[in-house]
Amino acid sequence: MSSKTSERIRALVCMAMLCALAVAADIFLRIPNIGGFLTYEPKEVILTIGGFIFGPIAGIAMSLIVCFIEMITVSNSGVIGLLMNFLASGVFIGVSTVIYSRKKTLRRAIVGLIAGSLSMLAIMLLWNYIITPLYTGLPREAVLGMFLPLLIPFNLLKAALNSALILFLYKGVVTALRKSRLIPTRESNDIGNKKATTALLITVSALLTVTLVLVMLIFAGIISF
């Protein structure tokens with residue numbers, strides 16, 4: 001077995017282990033029914049650390065796997081819950097890790113986490129406006145009324161708490177994984193892959209465009225659901 005193949009196998013094992021830890025955190029450390037329908041889970045902490053190690057594409061892939069497992073285990077919101085969950089974690093992880101992967105310093109990590117937090121807030125406000133009336137029965141005017149007292153503070157506090165935990169735990173987790181030889185002692189060239197990060201930026205831009213178009217059509221009364 002070549003060294004590259006062995007390294008990839010160890011990386012897959014490590015990512016599977018991080019996914020398992022994220023699922024465990026989701027199950028045992030979740031705080032449900034915040035404001036009636038919001039839930040806090042710290043899975044983004046583990047998944048973002050995985051994204052910092054293996055790159056943004058790997059981080060988003062792990063997020064999708066964990067969100068799907070959550071849908072079939074502890075969640076009762078079905079496909080809508082999967083969509084909202086993946087949008088929140090995927091955008092946070094994707095934006096944070098893209099910025100960090102270009103130059104792996106503490107400053108870039110902080111900038112990435114701030115940008116990821118603000119991106120997640122924007123996406124979740126827009127998609128709560130679109131989706132929340134479908135499974136709560138609330139009119140969209142009522143959802144707008146929840147932005148300032150509930151949705152904005154919740155998403156900002158969630159992002160701030162997760163960011164603090166990521167910064168606190170990252171070095172220790174990486175050190176432990178390197179000592180166990182699950183990740184190489186040198187930095188992986190895959191993390192800074194320009195093609196992967198460019199594709200991710202295009203995807204996020206397309207998502208934001210579609211989201212804004214949907215919101216504008218709803219405001220204009222052209223579509224209603």
Side-chain angles (χ1 to χ4, degrees), residues 7-31 39-70 85-121 123-124 155-193 196-197 200-201 204:
E7 191 173 302
R8 286 173 182 171
I9 291 173
R10 288 198 299 269
L12 288 173
V13 170
C14 184
M15 284 187 274
M17 182 180 68
L18 291 172
C19 285
L21 288 173
V23 170
D26 199 8
I27 293 173
F28 298 110
L29 300 177
R30 64 193 283 121
I31 304 174
T39 300
Y40 170 76
E41 329 92 354
K43 65 176 179 293
E44 282 90 359
V45 174
I46 299 166
L47 296 173
T48 305
I49 290 174
F52 278 1
I53 296 170
F54 296 108
I57 302 300
I60 291 175
M62 288 189 290
S63 172
L64 180 59
I65 292 169
V66 172
C67 289
F68 179 77
I69 293 173
E70 179 185 357
N85 209 355
F86 179 61
L87 281 173
S89 62
V91 169
F92 178 80
I93 294 165
V95 174
S96 299
T97 54
V98 162
I99 292 173
Y100 179 66
S101 67
R102 297 300 179 94
K103 189 177 180 181
K104 301 186 72 175
T105 64
L106 176 59
R107 181 180 178 182
R108 295 284 289 190
I110 293 172
V111 170
L113 290 168
I114 292 172
S117 299
L118 295 176
S119 300
M120 183 198 72
L121 174 63
I123 286 292
M124 293 315 294
N155 282 289
L156 285 177
L157 286 171
K158 174 184 175 180
L161 177 58
N162 286 343
S163 297
L165 289 171
I166 291 163
L167 293 172
F168 177 73
L169 295 172
Y170 176 68
K171 188 172 182 179
V173 171
V174 170
T175 300
L177 292 174
R178 283 179 176 158
K179 286 182 178 179
S180 63
R181 297 185 178 180
L182 285 173
I183 59 174
T185 54
R186 58 184 172 80
E187 298 293 350
S188 170
N189 291 329
D190 292 337
I191 291 177
N193 189 294
T197 53
L200 180 57
L201 288 172
V204 171

Would you say the side-chain atoms of [X] pair up with the backbone N or O of [Y], donor to acceptor, closer than 3.5 Å?
| X | Y | answer |
| --- | --- | --- |
| T48 | V45 | no |
| R108 | I99 | yes |
| S96 | I93 | no |

State plainly whether the residues R181 and E7 are in salt-bridge range, i.e. N to O under 4.0 Å.
no
Where do L167 and L106 land on the side-chain contact (heavy atoms from CB on, under 4.5 Å) test, with the steps shown first?
CA-CA 8 Å; L167 293 172; L106 176 59; 4.0 Å; yes
Separation between [atom1] of [X] and [atom2] of [Y], rounded to the nearest 0.5 Å:
| X | Y | atom1 | atom2 | answer |
| --- | --- | --- | --- | --- |
| N85 | E41 | CG | CD | 5.0 Å |
| L47 | F92 | CG | CZ | 10.5 Å |
| Y170 | L113 | OH | CG | 11.0 Å |
| S163 | I114 | OG | CD1 | 8.0 Å |
| I49 | M62 | CD1 | CE | 10.0 Å |
| C14 | L177 | SG | CG | 4.0 Å |

Heavy-atom pair with the smallest gap, counting every atom of [X] and [Y]:
| X | Y | value |
| --- | --- | --- |
| P42 | A25 | CD-O, 3.8 Å |
| C19 | V66 | O-CG2, 3.8 Å |
| M120 | V91 | N-CG1, 3.8 Å |
| G94 | P56 | O-CB, 4.3 Å |

Check step by step if side-chain contact (heavy atoms from CB on, under 4.5 Å) holds for F86 and I60.
CA-CA 9 Å; F86 179 61; I60 291 175; 3.7 Å; yes
Using the ring of each side chain (for Trp, its six-membered ring), is F52 parallel, tilted or perpendicular to Y100, with breaks at 30° and 60°?
tilted
Working note: K43 + N162, criterion side-chain hydrogen bond (donor to acceptor under 3.5 Å, both in side chains); need CA distance, chi angles, decisive distance, verdict.
CA-CA 9 Å; K43 65 176 179 293; N162 286 343; over 6 Å; no
Given the rule in the side-chain contact (heavy atoms from CB on, under 4.5 Å) test, do L161 and Y40 qualify, once you have shown the distances and angles that lead to the verdict?
CA-CA 10 Å; L161 177 58; Y40 170 76; 3.5 Å; yes
Do K158 and M124 have side-chain heavy atoms sitting under 4.5 Å apart?
no
Dump the intermediate steps for side-chain contact (heavy atoms from CB on, under 4.5 Å) on I65 and M15, then the final yes or no.
CA-CA 11 Å; I65 292 169; M15 284 187 274; over 6 Å; no
